[in-house]
Colleague: 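Mind having a look at this structure? Questions to follow.
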There are 2 protein chains.
Amino acid sequence: MDEKDFERIDEAACRRFQSSIELAGRKWNGAILLAGMRGARRFSEYRTLVDGISDRLLASRLKELEYEGLIEREVRPTTPVSISYTLTPSGRQLITLLQPLTEWGHAHALERAGGIAVAS
Amino acid sequence: MDEKDFERIDEAACRRFQSSIELAGRKWNGAILLAGMRGARRFSEYRTLVDGISDRLLASRLKELEYEGLIEREVRPTTPVSISYTLTPSGRQLITLLQPLTEWGHAHALERAGGIAVAS
DNA sequence: GTAAGCTACTTATCAATAGTAAGCGACAGG
DNA sequence: CCTGTCGCTTACTATTGATAAGTAGCTTAC
């Protein structure tokens with residue numbers, strides 16, 4: 001966590017960092033990936049697990065995440081057709097990397113509420 | 001990285017995760033924090049390091065990040081007054097946690113370009 | 001058999017956010 | 001004076017998000 005490690009990051013790494021975090025952090029995307037990790041497969045399962053999202057945004061986010069290669073859409077020709085969305089290895093890796101944020105969010109919330117200092 | 005670890009995440013952890021990632025991943029926020037980590041202090045330094053951001057958005061993002069406790073705004077009564085924005089410990093911790101994304105972004109880009117499979 | 005409901009969407013409309021451009025007051029340098 | 005920097009703000013347009021409703025194809029309940 002030394003500042004020095006960050007001072008000589010090149011431009012390409014910065015752009016990669018920015019686009020990665022903005023993809024993962026775009027509204028609902030994090031929660032959708034987390035839902036997939038928690039076992040959601042069908043459209044309606046995602047809608048249940050991702051609290052507050054509308055059908056319209058869920059549909060467009062799933063399309064976007066599929067395009068980005070984080071989710072795979074599979075149509076099974078049952079009757080009626082059932083469609084399942086599963087995380088790709090890339091998507092699983094991403095959310096695994098991001099998991100420590102949960103702990104950070106907890107600590108950060110405590111700090112803001114109670115004013116407890118945190119070690120640098 | 002077992003899926004099982006994610007299946008019994010409680011509601012509170014999900015909400016924390018979502019709000020944390022959406023704060024960090026909101027457009028420009030990641031790049032601004034990274035700029036701070038790379039040594040930016042003055043408004044104009046951030047503007048230079050964060051490629052493509054406008055004055056208007058930089059000002060509003062800095063205000064937001066200050067409100068969230070990730071950045072500290074300090075007014076020094078020189079003539080003319082100079083204002084410096086530094087990362088708080090919380091902000092530094094956050095970007096340190098997120099740093100692995102750079103590597104992920106690289107691997108993910110390669111995978112998308114070349115179709116090379118990645119281990120789960 | 002018909003009314004109601006589920007599934008995976010799309011369409012329409014409106015509010016919120018982001019992008020672009022310009023300006024502003026206090027200075028400083030030429 | 002004229003131009004330029006600093007740290008913003010204001011005004012306006014474009015993009016994105018939220019809310020609500022509609023849809024085709026099917027299943028279930030009465």
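The figures here come from the full heavy-atom set of this structure, side chains too, leaving out hydrogens, waters and symmetry mates. Labels below follow one simple rule: chain letters A, B, ... track the order of the sequence lines, proteins then strands, and each chain is numbered from 1.
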Colleague: Please check the phosphate of C:dA8 (OP1 and OP2 only) for any side-chain N or O of A:S44 closer than 4.0 Å.
Modeller: yes
Colleague: Whole-Å distance between C:dT7 C1' and A:R41 CZ?
Modeller: 18 Å
Colleague: Given atom CD1 of A:I83 and atom P of D:dG25, what is their separation to the nearest angstrom?
Modeller: 14 Å
Colleague: Output yes when a side-chain donor or acceptor of A:E68 lies under 3.5 Å from a complementary backbone atom of A:E64, and no otherwise.
Modeller: no
Colleague: Check the distance between C:dT17's C1' and B:E64's CD and give it to me in whole angstrom.
Modeller: 11 Å
Colleague: D:dG7 phosphate, OP1 or OP2: any side-chain N/O from B:R47 under 4.0 angstrom?
Modeller: no
Colleague: Tell me the interatomic distance from B:L57, atom CG, to D:dG7, atom C1', rounded to whole angstroms.
Modeller: 15 Å
Colleague: According to the interplanar angle, ranging from 0 to 90°, do the rings of A:Y46 and A:Y85 count as parallel (below 30°), tilted (30 to 60°) or perpendicular (above 60°)?
Modeller: perpendicular
Colleague: Tell me if the side-chain of B:R42 makes a donor-acceptor pair with the base of D:dG7, cut-off 3.5 Å, by modelled atom types.
Modeller: no
Colleague: Between B:R61 and B:D55, which is nearer to the 5' end of DNA chain C once each is assigned its nearest nucleotide?
Modeller: B:R61
Colleague: Could you tell me whether the phosphate oxygens of D:dC8, OP1 or OP2, come under 4.0 Å of any side-chain nitrogen or oxygen in B:R73?
Modeller: yes
Colleague: Do the side chain of B:S90 and the main chain of A:H108 share a donor and acceptor less than 3.5 angstrom apart?
Modeller: no
Colleague: Rounding to a whole Å, what distance do you find between B:Y46:OH and D:dC8:P?
Modeller: 12 Å
Colleague: Send over the distance from A:L62 CG to C:dA8 C1', rounded to a whole Å.
Modeller: 10 Å
Colleague: Kindly say if A:R26 contacts the phosphate of D:dT16, meaning a side-chain N or O under 4.0 Å from OP1 or OP2.
Modeller: no
Colleague: Should B:Y67 and A:R112 count as side-chain neighbours, where that means a heavy-atom distance under 4.5 Å?
Modeller: yes
Colleague: Ignoring backbone atoms, test whether B:S54 places a side-chain nitrogen or oxygen under 4.0 Å from the OP1 or OP2 oxygen of C:dT20.
Modeller: no
Colleague: Measure the distance from NZ on A:K27 to P on C:dA18 and round it to the nearest whole Å.
Modeller: 10 Å
Colleague: Do B:E66 and B:K63 meet the salt-bridge criterion of a basic N to acidic O distance under 4.0 Å?
Modeller: no
Colleague: Looking only at the side chain of A:A59 (C-beta and beyond, no hydrogens), which of the listed nucleotides C:dT10, C:dA18, D:dC8 gets closest?
Modeller: C:dT10
Colleague: Is it the case that C:dT10 (base atoms only) and A:R56 (side chain only) share a donor and an acceptor within less than 3.5 Å, ignoring hydrogens and angles?
Modeller: no
Colleague: Could you check how far CD1 of B:I53 sits from P of C:dA18, rounded to whole Å?
Modeller: 10 Å
Colleague: Tell me whether the side-chain N/O atoms of B:K63 come closer than 4.0 Å to OP1 or OP2 in D:dG7.
Modeller: no
